[in-house]
Amino acid sequence: GFEVTMGNIFPMGKTFAIEIYYGIGLRGIFSNRFDVAVHNNYTGKSKTYTEDKTYVSDNDDMKFYIRPSIHAGVKLRLGW
């Protein structure tokens, strides 16, 4: 992924500070999906079944998705 983060630091003394950060980014996700349907709900022509009468389709896909992400949080910083 890729992200851009910004923030503010609020000193609370010589050794303690609170940091608030926020940002946006992009994440790449590999997805290996498959479609599984129960026999009673299937209306197609070609059918493949498992032992428990569950229909397993041949509708597999392997894709790469790019999705946005939002980052925000609070950090407690200690220093000596």
Side-chain angles (χ1 to χ4, degrees):
F2 170 77
E3 69 180 67
V4 177
T5 306
M6 297 172 41
N8 297 327
I9 299 173
F10 301 101
M12 299 297 205
K14 288 184 177 183
T15 61
F16 183 70
I18 296 176
E19 179 179 346
I20 298 174
Y21 64 92
Y22 45 89
I24 58 172
L26 293 174
R27 291 186 183 203
I29 299 171
F30 287 102
S31 177
N32 186 6
R33 301 186 308 174
F34 58 94
D35 184 16
V36 177
V38 179
H39 166 66
N40 295 336
N41 295 334
Y42 182 73
T43 59
K45 296 179 182 176
S46 63
K47 299 177 183 176
T48 305
Y49 298 98
T50 61
E51 291 180 7
D52 61 350
K53 301 291 184 192
T54 303
Y55 164 75
V56 180
S57 73
D58 296 327
N59 191 12
D60 295 341
D61 67 351
M62 179 75 165
K63 293 187 179 179
F64 180 74
Y65 297 97
I66 296 178
R67 297 187 173 142
S69 61
I70 298 173
H71 308 274
V74 176
K75 292 182 185 177
L76 301 176
R77 295 175 56 173
L78 295 173
W80 283 266

Query raised in the report: If you round to the nearest 0.5 Å, how far is CZ of R77 from CD1 of I18?
Result: 11.5 Å
Query - Shared hydrophobic cluster for L78 and I20 (ILVMFWY, side-chain gaps under 4.5 Å) - result: yes
Report summary line: With sequence neighbours left out, the residues meeting salt bridge (charged side-chain N to carboxylate O under 4.0 Å, His left out) with R27 are none
Query raised in the report: Under the 4.5 Å side-chain heavy-atom rule for ILVMFWY, direct or indirect, which residues accompany F30?
Result: L26, F64, I66
Side-chain atoms of residues 1-17: list all donor-acceptor pairs with protein atoms under 3.5 Å, sequence neighbours left out, distances to 0.1 Å.
| residue | atom | partner | partner atom | Å |
| --- | --- | --- | --- | --- |
| E3 | OE2 | T5 | OG1 | 2.9 |

Query raised in the report: How about I29: does its CD1 atom have over 12 heavy atoms from other parts shown lying under 6.0 Å from it?
Result: yes
